[in-house]
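Numbered from 1 within each chain, the chains take letters A, B, ... in sequence-line order.
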Protein chains: 4
Amino acid sequence: MNQKRPKYMQIIDAAVEVIAENGYHQSQVSKIAKQAGVADGTIYLYFKNKEDILISLFKEKMGQFIERMEEEVKEKTTAKEKLALVIKQHFTLLGNDRHLAIVTQLELRQSNIKLRLKINDILKGYLNMLDTILTEGIKSGEWKDNLDVRLARQMIFGTIDETVTTWVMNDQKYDLPDLSDKVLELLVSGIHQN
Amino acid sequence: MNQKRPKYMQIIDAAVEVIAENGYHQSQVSKIAKQAGVADGTIYLYFKNKEDILISLFKEKMGQFIERMEEEVKEKTTAKEKLALVIKQHFTLLGNDRHLAIVTQLELRQSNIKLRLKINDILKGYLNMLDTILTEGIKSGEWKDNLDVRLARQMIFGTIDETVTTWVMNDQKYDLPDLSDKVLELLVSGIHQN
Amino acid sequence: MNQKRPKYMQIIDAAVEVIAENGYHQSQVSKIAKQAGVADGTIYLYFKNKEDILISLFKEKMGQFIERMEEEVKEKTTAKEKLALVIKQHFTLLGNDRHLAIVTQLELRQSNIKLRLKINDILKGYLNMLDTILTEGIKSGEWKDNLDVRLARQMIFGTIDETVTTWVMNDQKYDLPDLSDKVLELLVSGIHQN
Amino acid sequence: MNQKRPKYMQIIDAAVEVIAENGYHQSQVSKIAKQAGVADGTIYLYFKNKEDILISLFKEKMGQFIERMEEEVKEKTTAKEKLALVIKQHFTLLGNDRHLAIVTQLELRQSNIKLRLKINDILKGYLNMLDTILTEGIKSGEWKDNLDVRLARQMIFGTIDETVTTWVMNDQKYDLPDLSDKVLELLVSGIHQN
DNA sequence: AATGAATGAGGCTTCATTCAT
DNA sequence: AATGAATGAAGCCTCATTCAT
């Protein structure tokens, strides 16, 4: 589909760039069209409306990322290895694409609730994957057997998300993937001595 | 001051209610004024502009909360007790005020970057408090001595924040303060067996 | 009246100063009240509304000036002497009071048509005086006997007014009363050789 | 350009009409758009903001007039003939377009100082032309050789302007171009006998 | 499939005026 | 006579979307 309709991805990539550079509220459709090298009206041949651009953007960028990761996770055996992979990949994806990181961590969150609920739907796959890893780890005896999976998943996702956001807000001064091991260790062992 | 200028808090409370019920982008100044029972122009006797209402809202509600908590934290002795208090209080404040929770977790995040940076400034006090608790716990031997304080703080804040947001997005179906102990335990001991 | 109600002139003088320094559209009633050292509401004990301040301002400042000049003109004998006096006095009044000059030449003209018609009413006395001087000069043989009094008056007033306005717009760099003789000569003899 | 962008002149002409009929402060953008038969937003495809409409209005109407007159003046030989042409044309332009006369003499003067300074810039061409005519007349011996050019120009412009304004304020009861000869004679010979 | 000129709804803020004290 | 907190009407401009070409 993308090859047959090359302008589709062209517009999405333009949107990421424009939003990252101008901010969500300064990213008018006309600006995205200009950056994509198409007319304003052309946008509406590929997307229903502006919101659809943003949802599609998230779906394309994160959806593909999640699918790919689900594949790779299968190749790991222990739950800890799987969790390590998720963290590493998450940090690597955004650590290598500053524009995408700015858009997902800061700009896209300025959208209205309706859009954010749709974004959450896309994230469901990610969260389900975390749940699976957690459930497997409990079964295998790696994790506590009385672990509250939902809370644990919120801790994992909340920690990853907050770590990326802080990194973005600090102007990406340090290397994000470098933090993977320490974050994994924190999530697995907590902060206490021993 | 608030007693001498009753309309100040009156407007802020109205803003919380209006934003929680109508959403950030559907909360016109005129709507807030009507809810507060004052004329539109009266708003501008107490606030510089619309953005100032939102910053003041966050400052009053969260700022006071943070100050109060800093006092209470001093009365606890161990770092774990202090962390337990913070989590409990945080969940209790927002768990008891659904409107405020909606506003802080969902609506206020739709504001522009400039406003969010000002909100972050107010949150600094909270984050500093967490850092202090972490540093003390390291000194006292409660926490790992090689703990990365910044990452640990991001885990704690990210977990608390994500837990509240999930609770809000699930229409507050369950009791938030009830989760305090489990969340504390997760943060302290991690997810692994033993 | 002015001595019994000292705040009346106090407010008018404040208005001149505020308008000269801030411009017509930046001269809010509250600013004038503050400059006059009275409360906003007090203004309305002395003036019907904001427009009334401006009309009164012009009436007091120009009205008195016109009356005084009408007296002084009587003491002169020839029409040319009378015209010379008018020009000299006009230039001197405004040349010595830069604030008043700014207000009458620039700021007050930004008022709406209704106000300007009222200002024109006050100027009637001035224009009538010019008409009288012109009529007398024709009778005495000083001026052309086929002189169109209305046109001649428009030339005289237009020239004086334009001269003052240009002086104000040039930041009052040169001395205005110094120009009196040359302006008189131009009006009397025109620009042609001989 | 005007033929290729017909809406540009359409909007300017609408602005003249609306301002002449409703007054400067009652001429909302929406009213001008309605009169021009376009949507409000269309205004902003052709003008930066409301002020820009007014500046453009003056530039188009007076600017073109000045340019045309500069051409025609060249065809006259004596300074007096040139001055006669200027007066005649000025009176004819505004005498034939009552709406434009109302706008330039009354309404546009209510604009703020910033706008009026821009209008003055456009008038510079006109004033320079007067200066040139005066300088040439001095050289040719038509005018006094000790003539103060600046003052003479202020007399000429002030007289023309005041004559038009009086005509407008008197509801254009008499014929303006008819006054040209008498005004010329006054400016050239002054008011005195012989 | 592509264009881009045209549309028109919608809200923050100012400030002259009032009136209870 | 004096205060000053409160009122509330009113308009410029942006930008997502459409549609004739």
So what does the secondary structure string of DNA chain E come out as, 5' to 3', with Watson-Crick or wobble pairs under 3.5 angstrom, [ ] for crossing and | for pairs with another strand?
-> .||||||||||||||||||||
Less than 4.5 Å apart, any side-chain heavy atom of B:Lys61 and any of B:Thr104?
-> no
If we only count heavy atoms from C-beta on, is the A:Leu123 to A:Phe58 side-chain gap below 4.5 Å?
-> yes
Quickly work out the D:Ile53 CD1 to F:dG11 P distance and round it to whole Å.
-> 15 Å
In whole Å, what is the span from the NZ atom of A:Lys34 to the C1' atom of E:dG4?
-> 13 Å
Are B:Met169 and A:Leu117 close enough that some pair of their side-chain heavy atoms sits under 4.5 Å apart?
-> yes
For nucleotides 13-17 of chain F, print each protein N/O atom paired with a nucleotide N/O atom at under 3.5 Å, atom names and distance only.
from   : atom 1 : to      : atom 2 : distance (Å)
F:dC13 : OP2    : D:Tyr44 : OH     : 2.8
F:dC13 : OP2    : D:Lys50 : N      : 2.9
F:dC15 : OP1    : A:Gln28 : NE2    : 3.0
F:dC15 : OP2    : A:Gln28 : NE2    : 3.2
F:dA16 : OP1    : A:Lys50 : NZ     : 2.9
F:dA16 : OP2    : A:Val29 : N      : 2.8
F:dT17 : OP2    : A:Tyr44 : OH     : 3.0
F:dT17 : OP2    : A:Lys50 : N      : 2.9

Residue D:Lys31 excluded, over 12 heavy atoms near NZ under 6.0 Å | yes
Rounded to whole Å, the CD1-P distance (D:Ile43 to F:dC12) equals 10 Å
Write down the distance between CD1 (B:Ile32) and P (E:dG11), rounded to a whole number of angstrom.
-> 12 Å
E:dA1 OP1/OP2 closer than 4.0 Å to side-chain N/O of A:Tyr46 | no
B:Lys7 side chain N/O closer than 4.0 Å to the phosphate oxygens (OP1, OP2) of F:dA6?
-> yes
Taking ring pair (Phe, Tyr, Trp, His ring centres under 6.0 Å) as the test, write out the residues that go with A:Phe47, two or more places apart.
-> A:Tyr8
State whether the side chain of A:Arg116 and the backbone N or O of B:Leu106 hold a donor-acceptor pair below 3.5 Å, judged by distance alone.
-> yes
Side-chain donor-acceptor pairs of residues 33-40 of chain C under 3.5 Å, sequence neighbours excluded:
none

A:Glu51: partners by salt bridge (Lys or Arg N to Asp or Glu O under 4.0 Å), with sequence neighbours left out = A:Lys114, A:Lys118
Rounded to whole Å, CD1 of D:Ile11 lies from C1' of E:dA6 at a distance of 11 Å
Contacts of type ring pair (Phe, Tyr, Trp, His ring centres under 6.0 Å), residue D:His25, not counting sequence neighbours | C:His25
Nearest-angstrom distance from the residue atom CG of D:Asn22 to P of F:dG11 = 11 Å
